[in-house]
Amino acid sequence: MSWDFFVPVCIGDLVKTGGINQYVVQDVVHPKQLPSHLTKFKVALRNQGPLCILEHFDTGYSVLQQCNLVELGVKEDMLEILVQVVSGLAASLPVFLVSTSISAAERKEKLNAVKMSVFLLCKLTETLESYSCRQGIITAPGKGNKKSKAVGEGLMQWDSERESVLQALVQLLQLDIRSLWNLSLVEEEFISCVTCCCYKLLENSTISHVKSKPTRDCIIHLLGVLIKKYNHLLGASVKVIQLLQHFEQSSSVFAQAVSVWSTEYGIRAIIGEIMREIGQKSSEELAREGSGVKAFASFLSELSSLVPELMIPNISVLITHLEGESHTMRVAVCEVLGEILVRVLCGDGLDESGKSDRNRFLDTLQEHLHDTHSHVRARVLQVYTRIVNSKALPLCRYSEVMELAVGRLMDKSINAVKSAIQLLAAFIAHNPYSCKLSSADLKKPLEKETAKLREMKEKVAGKAPVAVIKASELWAAMEPELLVTVRTELEPTSETAKEQQENEDDGDVQEEKEAEDIRATAVKIAQYLRVNKYRSAVRLCVKAHNWFPQSEMFASLATLTPDTLMETLALIFKGSDEDAAELTQDLPPTPQKDGEKDGEDGELKKQEMLVQYLRDTETFALEVERAISVINNMLYWKTTSGIVQEAVQFCVTVCEFSVANSISGVRKMLPLVWSTDSAIKDAVVEAYRRLYLNPQGDTIRIKAQTLVDSLSELMVDASLGTIQCLEEIVQEFFGSGSNLQSTVVQILWERFTGKRETSGLHRRAAVLLLGMAARAEREVVLGNLDTLCSVALGEKVTEDFLLARDTVITICSITDHVRQSKSSPFRLPQDHQLFTCLTQAIAEGVVMEDPYWQSFMEQAVRLIYFLAESPDQLCSWLLQRSARLLLNQIAEGGEVNKDTAQVQDGSQESCEQVNCVCLAQLLALCGCVAFWQVSHLERSVSAELRRRRGETEEREEKEKGPSSKQAANESAMEEELGLMGASAEDTEAELIKKICETELLDEENLLSAFLPLLVKVCSSPGHYSHPQLTTAACLALSQYMMISPSVCEENIRLMFTVLERSSLPVVRANTIIALGDLTVRFPNILEPWTQNLYARLSDEVPSVRQTAVTVLTQLVLKDVLKVKGQVSEVAVLLIDPEPHITSLALNFFNELATKDNAIYNLLPDIISRLSDPERGMNTEDFNTIMKQLFSYITKERQTESLVEKLCQRFRTAKTERQWCDLAMSLSLLSMCERGFKRLQECWECYSDKLTEPGVYQPLLSITGKLRRGAKPQFKAQVDEFEKRLTAVHTKGLENVESPEMEEENQRERSVKKPRTRRAGDSFVTPQKSRNLFFLLATWSIIVGMDFERMSYETPKVTTPIARTSRRARLRN
């Protein structure tokens, strides 16, 4: 073979004349002749094998060159042949490659066959892939049309064909075919031909789908072979970056590919190359759209989840992007760091380098918890959640990160808040501390252990050895001074000095004679040296030679010189080890033994670790409590349901892990079962089902016991609202058909009856839970009425009125009023045991002083009216019996409390003393009976009349049979107009009303006998001063006033007198509630007294203010009271010192804002009332209130109108303070262009007040707000207005011309021509000038003169204020 095949850059290059021995296509076959040539190609393939490509290459080239003209079947046949050729080469080449006797011609032949077949196969695959993608785009909208079917049939399942092509190429290239080339250097064009085909297939948008996984894996392995064996590393890294930039959907595919290349093929360098390419991208480039930043970020995140350990060496090039503008890249880098921390840099086995990297990465993540972009903050919080869940966060960082997470709960981003809640839940679920203890419980143990640690440290410090300096070191320090002393002692002295020395020696000798041996003398010398008595040591050493001449220690002193003496002293001082031990006996005690010392050090370290653990636990508990407090408040946020659901889930988590105070959040979220948002309601129901209704246990009995215990704990100390909410959940449980129901009911009855020892609280919880179960199944209670009566309402009822009250509440659950039944009423006869027990307990309790009797009485009377037949007769008998018992007590002269009142008979002068508490209880009973009697008439009796009327009409219709057509039409018309039954209902309502007005308080009715007494007690607070009596009388009187309008009108003035003058806060609070109910019942009677209700908003007692704002909120929001200017009193409560009252006032305005234009209509009046000098409100409080109120003004039209209204009020404002308040109010508006225009139009209203700084500064701030983001034209108008404001403020209005004046003056000056004055000019009538008018107008403002204006001089906005004349002012 004399020619070589060179892979062309362009397909058309093969038909051109090439170089020497270069293959050129000779014959391009016409499309119509291609089928016959393909047949020949197939025959040659069967006969000659894969080398037939050398002879039939032109046929394949013709198909490729004329691809658009060739039929699809021809291309598919060609593809099949080429796959067989490549597969044949892959099968035959291994034997050829291992052969040692290969000629150059054979090698060239094989090489050309490989290059030709691979070239044709790759190019044809690219062509068919392009055709497939194009057809997919064209046929996508009409998936069921004929064209799509034709394409599907014609293109034979391209996915499977594509996979066979790739498998053939992998089989071929996995062989070591590099030996076919000279020097094993594979030409770049051949590699590019294969890689271009692979990258073309990766551009397909469906390559990441699950169905394309086989094709995707083949491409990845093929590229891996090319990178490893054919030096495609650099090209692959560049191509990956390019494709990521243009095909965002390919990020996951390339992440998987790079992972495979680095692990299975060992090409780790490619990760570094790609990361460096991404790291070198500039921040500005990544911030632009279309830069592929999303694909880069997704790629990095995916890659870090696959091979995080291989990214650590090059992580520094990515960290630079944390300072860039692209928040997407910052998120990706933080996620990479998180994966590395979770999967690589975790555990206790890290070396110093690993710990350093871990700390550095954690510091980086902590910094980006404060990132400027909310998405980054949210993602970093999620990364930390993953780290905590994986237990990869070091213990020393728990408190710090948790504190940051709690801080993120106040983030403005909803996603960040949700992520922070999830992170805190993860902290609690995986914390190493004891969450069951609160910070208060941890305080005492911490103080105790800290004190113990302090004592141990002091003890160890006392035993600590003093540092011992070696004798040789001491000798070296003292040697120079000692040598001087030796020389001085050995020098000859005078006679006097000798005598003095002898005297000193005699004294020393007396001491030294005590020495018994040489060793003692040596010790004495050493002691002298240690205390710096060098002269004594020298003299004693010289004498010791005379005392012990045979001693070796002093033998050198036979010749007394400074050197010998120093040698002897050194020997004595330093000596041997044994001597040194004795010579140092005067030092402090020697150190402790090693074992004892190590033991004390170990105990000290243990104590330090215990104290540190307790400190960390306390810090953690404080952060948990802080988080619980914040998240509990989030339960009622009105932003999105997502945060509320996360808060609910958090409350469930902390409760499951028994965190201290966790029950508060569980109880607080309970009212959300009434939420209108179904997602929130379902979340709460599911939370309670998970916490309480799915108990764990081995047997049904244990599960039921756990369920009852959990619900009982929730019921203990629960408020009435909590119990009502819990009813919904418990009722759902008993209605779900659970297999625990019967066992749970049995355990509840055991607790209630006392068969199982339990506390009083749990007995009450059990009976209330039975009542909740009875809502779903009445027989639970109805079948056990006798048990309830005998246990709780029997002889021992007076011992526990709370249990009796809760029992009555439980029995109420079987009544029609609670169950909303529409059938015939369910009632029990008067002589039933239940009513006998109730009436007896109530009557006996009247003459007792039990604080819980009244709550029991109220529920018992309610039950009598709900369940008894003829309850009015029962209650009449009850009143008689109670009054008789009280009279008997008086007559018998029973014990009288300290607080008594004298009840005087009008006809007798004698007076008898009565127990005030008992009288108060009797009056409370009267009021309760009166209230429920009215309710019974208007609800039960009225409903029964309607039911009976309905039954009668139905029976009559059946008796009459089908009526005539005309009657049917008339009845249909009446029904359509709503007239049917109206007259009958009106008649029934009138009957009930007449009974209330005439019969209930008739002289024959016992209720009327107590009304004069109620009035007397309420009207004589000085005479009847007992607090409980006054409270009961006022409440009972208000209940009497509910009976009829006449009673209400007669006593309304008395009630408001009590409201204003009573010294008891509880009386004032109760009266407000009663008057609120009366306002609903008789609005026309109460309407003139509305101002008195609002006056209680300024009561000095917080509880009264709280009651007043609560009642008024209900009345206003239910449209019972008209919203007027008195709402300013509610606005004042926005700055109330009590936070709860402030929240109620805020809730009032939040709800009021939902009504159309309500706050908008009230704002001018509120501003006027609050800025009134007589009120005396300071500026800071006024601004606080106005900021809140103006936050509800969001409509542009409302803003525009308010600008005009507030500007007009400048005219009527009398004081500077009012001007300043109006200006501040204007500055709080969200001003727009239209509002600004209206502000300019009203210039005359406030221009003369601009000299005041309190007016000028707020208006100037408006211009600053308007200038932000304004268009150039509008910004110029704002600047001009600001200059005008500043000019008037600094110079005064009289010295500043208006813009209109300036324009006209300039126009007049430009029109006016210079001319010489003529003699007759003085007689010309001068024209009126606008400048003259302006001067006159300015003078009138200053002096106050009135003058007439011409029609064309009249301003557009007239001033309604009549200016006083100068003469009038002078007269005043």
Side-chain angles (χ1 to χ4, degrees), residues 1-29 37-65 78 80-124 165 168-195 197 225-226 229-232:
M1 182 177 290
S2 60
W3 50 267
D4 292 322
F5 180 82
F6 293 96
V7 178
V9 178
C10 180
I11 296 177
D13 293 344
L14 286 174
V15 296
K16 300 178 182 178
T17 302
I20 301 173
N21 296 331
Q22 181 176 349
Y23 179 82
V24 178
V25 175
Q26 301 296 327
D27 182 21
V28 178
V29 183
H37 284 72
L38 282 178
T39 303
K40 296 178 182 178
F41 198 168
K42 291 178 182 179
V43 173
L45 179 60
R46 284 193 298 269
N47 297 332
Q48 302 175 19
L51 293 179
C52 67
I53 189 67
L54 300 173
E55 299 177 1
H56 295 274
F57 177 81
D58 292 357
T59 303
Y61 178 82
S62 301
V63 174
L64 195 61
Q65 179 70 23
M78 190 69 229
E80 184 180 355
I81 294 172
L82 292 174
V83 170
Q84 293 177 9
V85 170
V86 174
S87 300
L89 288 172
S92 61
L93 279 177
V95 178
F96 178 79
L97 294 174
V98 298
S99 177
T100 56
S101 57
I102 304 174
S103 63
E106 290 177 338
R107 188 177 69 252
K108 182 184 292 187
E109 184 181 50
K110 295 289 185 182
L111 177 60
N112 288 333
V114 168
K115 293 198 290 186
M116 284 181 167
S117 58
V118 170
F119 169 75
L120 288 176
L121 182 60
C122 291
K123 294 302 180 182
L124 186 57
V165 171
L169 289 173
V170 170
Q171 291 173 5
L172 176 63
L173 295 176
Q174 278 180 341
L175 303 176
D176 191 12
I177 60 173
R178 290 175 295 178
S179 59
L180 297 177
W181 278 266
N182 292 327
L183 303 177
S184 298
L185 295 177
V186 183
E187 57 192 277
E188 183 64 29
E189 288 80 6
F190 177 79
I191 303 301
S192 297
C193 179
V194 181
T195 56
C197 176
V225 171
L226 293 171
K229 293 186 175 182
Y230 300 95
N231 197 25
H232 184 58

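Model, not experiment: these values are computed from the prediction.
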Asks: A side-chain contact here means heavy atoms from C-beta on lying under 4.5 Å apart; do M78 and F41 qualify?
Replies: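 Contact flag for M78/F41 side chains = yes.
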
Asks: Would you give the length of the straight line joining atom NE2 of H232 to atom OG of S192, rounded to the nearest 0.5 angstrom?
Replies: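 OG of S192 is found 7.5 Å from NE2 of H232.
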
Asks: Indicate the ring-plane relationship of Y23 and F57, choosing parallel, tilted or perpendicular according to the 30° and 60° boundaries.
Replies: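 Ring orientation of Y23 relative to F57: perpendicular.
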
Asks: Taking all non-hydrogen atoms of both residues into account, name the closest pair between K115 and E187 and its distance.
Replies: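 Where K115 meets E187 most closely, the heavy atoms are NZ-OE2, 2.8 Å.
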
Asks: Measure the shortest side-chain to side-chain distance between K229 and V186 over non-hydrogen atoms and say whether it is less than 4.5 angstrom.
Replies: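 Of all side-chain heavy-atom pairs linking V186 with K229, none is under 4.5 Å.
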
Asks: Rounded at 0.5 Å granularity, tell me how far CG in L97 sits from CD1 in I177.
Replies: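 Rounded to the nearest 0.5 Å, the CG-CD1 separation comes to 8.0 Å.
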
Asks: Between C122 and V194, which heavy-atom pair has the shortest distance, and what is it?
Replies: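 Minimum heavy-atom separation between C122 and V194: SG-CA, 3.9 Å.
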
Asks: Are there over 12 heavy-atom neighbours, none belonging to N231, within less than 6.0 Å of that residue's CG?
Replies: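 For N231, atom CG is not crowded (no more than 12 foreign heavy atoms under 6.0 Å).
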
Asks: Can you name the nearest heavy-atom pair linking F190 to V114, along with the distance?
Replies: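 Taking F190 first and V114 second, the nearest heavy atoms are CZ-CG1, 4.1 Å.
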
Asks: Checking E189 against F6 for the side-chain contact (heavy atoms from CB on, under 4.5 Å) test, could you report, in this order, the C-alpha distance in whole Å, the side-chain angles of both residues, the deciding distance, and whether it holds?
Replies: CA-CA 8 Å; E189 288 80 6; F6 293 96; over 6 Å; no

Asks: Would you check if the side chain of Y230 reaches a backbone N or O of R178 as a donor-acceptor pair within less than 3.5 Å?
Replies: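 No; judged by distance alone, with no hydrogens or angles, the pair does not exist.
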
Asks: Taking all non-hydrogen atoms of both residues, which atom of A113 and which atom of L51 are closest, and how far apart?
Replies: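 For A113 and L51, the tightest heavy-atom pair comes out as CB-CD2, 3.7 Å.
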
Asks: Donor-acceptor check, side chain of K42 to backbone of I81, threshold 3.5 angstrom: yes or no?
Replies: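 Side chain of K42 to backbone of I81, a donor-acceptor pair under 3.5 Å: no, none is there.
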
Asks: Are L82 and F119 packed together at the side-chain level, in the sense that at least one heavy-atom pair is separated by less than 4.5 angstrom?
Replies: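 Side chain of L82 against side chain of F119, heavy atoms only: no contact under 4.5 Å found.
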
Asks: Do H56 and K40 come within less than 4.5 Å of each other through their side chains, counting heavy atoms only?
Replies: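 The answer is yes; the side chains approach within 4.5 Å.
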
Asks: Rounded at 0.5 Å granularity, tell me how far CG in L175 sits from CG in L89.
Replies: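 So the gap between those two atoms works out to 10.0 Å.
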
Asks: Grab the two heavy atoms, one from L54 and one from E109, that are nearest each other, plus how far apart they are.
Replies: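 Distance-wise, the nearest heavy atoms are CD1-CG, 3.4 Å.
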
Asks: For W3 and Q22, which I'm curious about, is there any donor-acceptor pair between the side chains at under 3.5 Å?
Replies: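 Distance-only check fails for W3 and Q22.
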
Asks: Walk me through whether D58 and V28 qualify under side-chain contact (heavy atoms from CB on, under 4.5 Å).
Replies: CA-CA 6 Å; D58 292 357; V28 178; over 6 Å; no

Asks: Would you say that V165 contacts L124 through its side chain, given a criterion of any heavy-atom pair below 4.5 Å between the two side chains?
Replies: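 A side-chain contact under 4.5 Å is absent here.
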
Asks: Once you round to the nearest 0.5 Å, how far does CG of L180 lie from CZ of R107?
Replies: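 Between L180 CG and R107 CZ, I get 8.0 Å after rounding to 0.5 Å.
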
Asks: When L14 is tested against each of V24, L64, V25 for side-chain contact (heavy atoms from CB on, under 4.5 Å), which residue passes?
Replies: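 Among V24, L64, V25, the one meeting side-chain contact (heavy atoms from CB on, under 4.5 Å) with L14 is V25.
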
Asks: How many angstroms lie between CE in M116 and CD1 in I53, if you round to the nearest 0.5 Å?
Replies: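 The CE atom of M116 sits 7.5 Å away from the CD1 atom of I53.
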
Asks: Here's one to test your reading of the geometry: is the NZ or CZ of K123 within 45 degrees of the ring axis of Y61 and under 6.0 Å from its centre?
Replies: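 Negative - K123 is either too far from the ring of Y61 or too far off its axis.
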
Asks: Looking at every heavy atom in both S62 and D27, which two are closest together, and how far apart are they?
Replies: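 Distance-wise, the nearest heavy atoms are OG-O, 3.8 Å.
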
